[in-house]
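Presented below is the structure to which this report refers.
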Amino acid sequence: MLKKTKTGQPSTAEPVLAELAQDYELPRVILEQRSLAKLKSTYTDKLPLQVNANTGRIHSTFQQAVAATGRLSSTDPNLQNIPIRTAEGRRVRQAFVSAPDMLLLAADYSQVELRIMAHLSQDPGLLKAFSSAQDVHRATAADVFGVALDEVTGEQRRSAKAINFGLIYGMSAFGLANQIGVSRGEAGETIERYFEKYPGVRTYMDETQALADEKGYVETLFGRRLYLPDIHAGNGMLRKAAQRTAINAPMQGTAADIIKRAMIDIQNWLNEGSIDARMLLQVHDELVFEVSERDLPLLVDGVRFRMVSAAALDVPLVVDIGTGKNWDEAH
DNA sequence: GAGGGGAGCGCG
DNA sequence: AAAGCGCGCTCCCCTC
């Protein structure tokens with residue numbers, strides 16, 4: 001079946017061509033050309049032109065009042081979408097390097113939105129999955145498919161991961177089926193088993209919807225609101241989109257609140273002046289620093305402590321830290 | 001030549 | 001008919 005865009009043209013979007021590429025040469029070549037053209041036009045050609053003549057560095061601008069959920073956004077250039085997922089793309093990331101005798105440090109929150117869902121829903125099974133497992137997707141798979149942690153197959157883990165992410169976004173059985181390549185019926189059954197295992201999550205979703213319906217807004221753990229004017233729309237498509245936003249915004253927004261609190265705490269600490277380090281970037285669940293080799297151990301400990309202490313949830317906050325001479329190495 | 005919208009795609 | 005949240009940038013086409 002030929003996929004169409006909303007204006008009626010046949011879609012040549014990446015997922016459509018990726019499927020066609022399994023059987024045909026041409027879509028494969030088109031996708032390869034597109035991805036390389038994207039890297040060249042957006043990053044390789046442009047970033048060198050943005051280097052400031054005085055500092056020799058690229059200076060992005062962070063917008064604080066743009067994203068509806070309370071995230072920051074980055075422009076001129078956007079440094080929150082530097083490639084990382086492919087080997088070719090990572091070569092762009094490798095071009096971001098520290099000064100001589102300095103290192104880059106990247107500190108990432110691990111699964112922060114899912115941890116927030118566990119806290120907000122207070123579901124006992126999900127809380128336990130986080131307190132007991134290194135790998136929450138594996139733990140979810142063991143629960144949903146009724147097997148031991150070390151018996152989880154790769155496919156079961158992939159399915160569980162798709163569910164965990166899908167829930168955060170308000171995904172339907174149809175969306176999950178597309179994502180993991182099973183029938184809509186099978187996807188529906190998998191979701192059903194999930195909610196049997198984690199009933200508190202379903203209750204939380206239902207209560208969030210009801211609250212959005214009643215008050216016309218949802219809010220983060222810290223009380224910042226997102227109003228949803230379309231929550232009562234007559235147009236079902238608009239209404240359903242608003243309902244998905246109602247599900248997602250408290251989790252994405254709470255994550256944004258938490259990292260902002262951490263950033264303020266860390267900057268106040270750095271301002272004391274005892275550590276040779278600077279906070280350079282924020283990428284939603286990640287902070288990037290430049291630090292002298294001498295002060296690296298101090299920065300690792302201080303950043304991790306302040307990030308995990310930025311909110312007291314009923315699951316631990318976990319931060320992964322990497323370092324290197326370039327931004328790719330630091331991951 | 002400027003500005004807007006659609007399509008597509010980079011990231012979390 | 002659509003079906004998964006939040007962004008910003010490039011290319012292309014169109015209008016003024």
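Reminder, nothing fancy here: chain letters follow the sequence lines and each chain counts from 1.
If you check every strand for non-hydrogen atoms under 4.0 Å, A:Ala241 touches nothing. Using a 4.0 Å heavy-atom distance criterion, A:Asp76 is classed as a sugar-phosphate-only contact.
Following rounding to the nearest Å, A:Met117 (CE) and C:dC5 (P) show an atom-to-atom distance of 16 Å. Put simply, CG on A:Asn248 is 16 Å from P on C:dA3, counting in whole angstrom units. Summarising the geometry, the separation between CG on A:Leu72 and P on C:dG8 is reported as 11 Å, rounded to the nearest angstrom. A:Ile247 places its CD1 atom 13 Å from the P atom of C:dG6, with the value rounded to the nearest Å.
Listed candidates were C:dC7, C:dA3, C:dC11. Nearest to the side chain of A:Lys46 is C:dC11.
Put simply, CD1 on A:Ile258 and CD on A:Glu113 are 10.0 Å apart, with the number rounded to the nearest 0.5 Å. A:Leu127 CG to A:Arg115 CZ: the interatomic distance, rounded to the nearest 0.5 Å, is 11.5 Å.
Residues A:Asp213 and A:His232 have side chains that bring a donor and an acceptor to within less than 3.5 angstrom of each other. No hydrogens or angles considered: a donor-acceptor pair under 3.5 Å links the side chains of A:Gln80 and A:Gln282.
Applying the 6.0 Å contact sphere to NZ of A:Lys197 captures no more than 12 heavy atoms from other residues, nucleotides or ligands. Atom CZ of A:Phe222 is surrounded by more than 12 heavy atoms from other residues, nucleotides or ligands within 6.0 Å.
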Nucleic acid footprint by protein, nucleotides 5-12 of chain B - heavy-atom cut-off 4.0 Å, B for base, S for sugar-phosphate alone: -SSBBBBB
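Note on A:Ser73: a side-chain N or O is less than 4.0 Å away from OP1 or OP2 of C:dG8. Dashed line: the shortest gap from a side-chain N or O of A:Ser74 to OP1 or OP2 of C:dC7 is not under 4.0 Å.
On the P atoms, C:dA2 is 14 Å away from B:dG8, given to the nearest whole Å.
Summarising the base pairing, B:dG6 is matched to C:dC11 through a Watson-Crick or G-U wobble pair whose two defining distances lie under 3.5 Å.
Mapped onto DNA chain C by nearest heavy atom, A:Gly166 and A:Gln63 fall at different nucleotides, with A:Gly166 at the one closer to the 5' end.
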